[in-house]
Amino acid sequence: MSAEQQHRDGQAADPGPRSLAQALRERDDASLGALLRSRPDLLHPVPTDVTQLATRAGTRASVLRALEHLDRFALQAAEALAVAPDPASYQELLDLLAGDDGDEEVAGALPATVALLRERALVWGGEDRLRLVRTARELLAPSASHSSPTGLGPSVAEATSGMSPGRIQAILTAAGLPHTHDTVSAVAALSGLFADRERVAELLEGAPEASREVLTRLVWGPPYGQVTAEPAAHLRWLLDRGLLLPTTPGTVVLPREAALSLRGGRAHRVPEPTRPRVAVAAERKPQVVDAAAGGQALAALDTVEELLRSWDEGGPAVLRAGGLSIRDLKRTATVLEVPEPVAAFWVELAYAAGLIASDGGYVEEHHDRHDRPDADAEGYEDEETRDARTRRRSGEAEHYAPTPEYDAWRDLPPAERWAWLLEAWLPGTRAPGLIGGRDGRDRTLSALGPGLDRSPAPEVRRRVLELMAGLEPGQAPDPATLLERLRWERPLRSAGPRREQPEPPRTGVRPAYGGGVAANDPEALRTKLTEWALLEAEMLGVTGRGALATHGRALLGAEGRSEGAGAGTAPAGSARAAVVAALLAPLLPEPLDHVLLQADLTAVAPGPLVRPLAEALGVLADVESKGGATVYRFTPGSVRRALDAGRSATELHAFLDRHSRTPVPQPLTYLIDDVARRHGLLRVGAASSYVRCDDESVLDEILADRRATALRLRRLAPTVVAAQADPRTLIEGLRAMGFAPAAESAEGDVMIARPHAHRTPPRTPPAPVPDGPPAPDATLLTAAVRAVRAGDRAATAPRKETPQAPGGLPRTSPADTLATVQAAAMTGESVWIGHVNAEGAASQRLLAPLRVEGGYVTGYDHTADEVRTYALHRITGVAELADEPDGAEPAR
């Protein structure tokens, strides 16, 4: 007898575990920890014992989540077990996946796949008695209404369960089988016929060609078809021989055994035991990739800064339902000079990073004033909070504005600012590409509005970067093969049946940002999330020219934002962010402290400018074009803006002399002097308003101008003219007429108009919506395994017979309870106690008493694996153990 045969005989002699709970109980601690690591939902709360763990592992929600995290071949193996006999041998499973002709790749990959299914508690039993957990079988097996994901229908026994014995005997006769004495043997004979490939081939030799065409259409699924009350001759031929069996009136199905024979024994049309390879679309030098990514990172910082600068004095209004209006998004896109979907991405990124938020709603977020960080014990509120409260009471609209975190972010070095943004992007669950689409209620999804969270987004984003990191530096992946790899790794995204059918060939992927996704189409969502991840990584500078940059690889480090980080905590402070910033910093150009002035009233900044220079130049000139070199243009309006901000002509000349590497052109000097000479010549104050000027001819010119009619001017004195318009309207009207008035205070001094930055109250960045519970760490796993083992020892410990209260709790008198626990405390033995807590929840505990005093018993609770104290009046009774529990730890 061969060693293999002896192994199989031994397996056959050993029935193996009788339940999933027993199979889990026989595992070692490392295997139990691997189960809890792969299925973290089983840990919340920590199971009390192995039986509860097995019960929880078989619930529908948990099994669905476990199936969703299987790769395609593991899922195919589970689907094959769902249509195999229960239990099935390993060889039967292999035959279903490899078919009659065999498949070396399937045979090589199947042992590891079965081990994976066992590890995740989806399959249990010995090699010759593999069992799929019942809930998984119910989800993946065919039913009367739908086929299996493999495309197979019910078996002969299931399809004929309601058929009359006479009809079954008639099918046997038509199929050339002898009559039987009972229905069970008749069904077995028909099943044996359809399971025999040669006999099925012989039966079909005499079939009409149209009958064979029907079977060809049904064999790979779906196996159901419709027939009329008087079926055609070729359908009648199949019905008479049981190759089509009725399920409901007018509906027939191809039996599973017959379909497998026609398929050559394969459960799937194309088994996929090996993960698809990510092809390389282009290969470039790593230095070129890093340089391109650094340029994109710098452009990303400029774009976010421009967005926040444009909202610095208060951004667009918040819609009643939340989010930005379409008009405001268009305006933002115009300011940023990008398409609207890309503008939506930058807005959402700034929001996720905690740099922008709504300036209202603070009262709603903190109902208790003592919980507010800006309210002291006497009820003091800062100005912004009072403004938000006043706006809400008066019905004034809320607006988006930068948060206080923006000021901290702006003062960081460029590389650290970029790392801050990336720390918000990588784990974020909001999907900006959905903006403009429709939600499940057919409402338009808006930027910064509700309904944009998609829990698979972080997993897809990170997995895309990991697959790119698996290539050699400088290699850009082919998007089509990258998407195919992700589909193989996560093929199942919904609980519904999946049809087994070939996919059309993909010649390539054309990523496009935005466009929306159907709310009930998870496969389309995953495809879009993959495409958006590639585009967002390129826009942010994580990748350069399609390949992952060096600092992008460092972004995949295990350490991220520290727990508890909220408002006022810079994500860039994490260890990972520090590493990424250090790698990116050499790729970013050093800020410059000079510009090049030109004779055409423009200034060229050949690179990024230091912040004071950039802010001052942004007031003195208008940005004409952006790019590697920013071009600023000086105009009378921009110079007047600088004068309004309190600068004098002398200060402007000195500023340009100090920061220009070229001589200041004469036309620019004349422009500044000319605007400064006329600036403040007219003075506007509040009467409703008035204009005063020492030059009477200027006032004569204003009064004679027809454009001044709407201002309703009248002369009060030779040098004073009153107006019915407010000062702001009067100033704007005079400027439209070509004058350059200056505002005047009540004391007659020139008022300096400086823009006032608007900030929201402190805000916490939006928290990502998790896709299930977080992965447990090693400490939690160790503690959970110990608790499960302790609870299992306590639950399986033998005890003496004792009267029981309802619910199985031991019942003894108070005197007996006290005497028993005191004796156990002196002898060091363990006892069973029934306990009812303050909420009325009853439980049984295995307790090793240490001391009994003051109406309480303190001891080591083997069920909880810790020392606990219980009130004696809450103990329903005590039962002594028949024997010391096997493996129980001594009382401590």
Side-chain angles (χ1 to χ4, degrees), residues 17-19 21-22 24-29 32-33 43 45-56 779-892:
R18 293 172 296 176
S19 65
Q22 183 179 349
L24 295 179
R25 191 171 287 114
E26 294 174 356
R27 292 189 178 192
D28 56 22
D29 288 354
L32 211 56
L43 275 173
V46 175
T48 58
D49 53 35
V50 173
T51 301
Q52 188 180 87
L53 174 63
T55 301
R56 193 177 298 172
T779 303
L780 176 58
L781 284 177
T782 302
V785 171
R786 286 187 60 191
V788 170
R789 293 294 192 199
D792 204 49
R793 287 195 300 267
T796 56
R799 56 188 171 182
K800 295 180 180 179
E801 294 294 331
T802 184
Q804 293 184 351
L809 300 181
R811 167 73 72 181
T812 56
S813 66
D816 291 340
T817 298
L818 178 60
T820 304
V821 295
Q822 285 177 335
M826 289 187 292
T827 61
E829 296 179 351
S830 299
V831 293
W832 270 104
I833 66 171
H835 182 261
V836 179
N837 63 15
E839 288 76 27
S843 63
Q844 300 183 53
R845 327 293 297 185
L846 181 59
L847 185 70
L850 299 176
R851 64 178 180 272
V852 183
E853 59 185 10
Y856 292 89
V857 55
T858 300
Y860 184 78
D861 188 340
H862 291 282
T863 308
D865 199 21
E866 64 183 9
V867 175
R868 288 188 175 182
T869 300
Y870 296 101
L872 286 172
H873 70 274
R874 293 194 176 278
I875 297 178
T876 64
V878 182
E880 297 179 1
L881 300 183
D883 296 297
E884 189 67 21
D886 187 21
E889 300 179 8
R892 291 179 286 184

Checklist entry - Who are the side-chain contact (heavy atoms from CB on, under 4.5 Å) partners of Thr817, not counting sequence neighbours? => result Thr812, Ile875, Val878
Checklist outcome for this item: Here the pair of heavy atoms bringing Ala842 nearest to Val836 is CB-CG2, 4.2 Å
Next on the checklist: Just checking Arg851: does its CZ atom have more than 12 heavy atoms from other residues, nucleotides or ligands closer to it than 6.0 angstrom?
Outcome noted: no
Item to check | Minimum heavy-atom distance Pro47-Val788, with the two atoms named | outcome: O-CG2, 3.6 Å
Checklist outcome for this item: Result for salt bridge (Lys or Arg N to Asp or Glu O under 4.0 Å) between Arg789 and one of Asp28, Asp49, Asp29 points to Asp29
Checklist entry - Can you list the residues that meet the side-chain contact (heavy atoms from CB on, under 4.5 Å) rule with Thr779, with sequence neighbours excluded? => result Asp777
Next on the checklist: Distance check, rounded to the nearest 0.5 Å: Gln844 atom CD versus Thr48 atom OG1?
Outcome noted: 11.0 Å
Next on the checklist: As an exercise, state the distance from OH of Tyr856 to NE2 of His873, rounded to the nearest 0.5 Å.
Outcome noted: 6.5 Å
Checklist entry - Any idea which heavy atoms bring Ala784 and Leu43 closest together, and the distance? => result CB-CD2, 3.3 Å
Item to check | Euclidean distance, Thr858 OG1 relative to Glu853 CD, rounded to 0.5 Å | outcome: 7.0 Å
Checklist outcome for this item: To the nearest 0.5 Å, atom CZ of Arg845 lies from atom CH2 of Trp832 at 9.0 Å
Next on the checklist: Using side-chain contact (heavy atoms from CB on, under 4.5 Å), reason through Val852 and Leu818 one step at a time and then give a plain yes or no.
Outcome noted: CA-CA 8 Å; Val852 183; Leu818 178 60; 3.8 Å; yes
Checklist outcome for this item: In short, Val821 meets Leu872 closest at the heavy-atom pair CG2-CD2, 4.2 Å
Next on the checklist: With rounding to the nearest 0.5 angstrom, report the CD to OG1 distance, Glu829 to Thr820.
Outcome noted: 11.0 Å
Next on the checklist: I need the minimum non-hydrogen distance between Tyr870 and Ile833, along with the two atoms involved.
Outcome noted: CD1-CD1, 4.2 Å
Next on the checklist: Let me confirm one number: the CZ-CG distance from Arg25 to Leu53, rounded to the nearest 0.5 Å.
Outcome noted: 10.0 Å
Next on the checklist: Quick check: closest heavy atoms across Leu32 and Leu24, and the distance to 0.1 Å?
Outcome noted: CD1-O, 4.0 Å
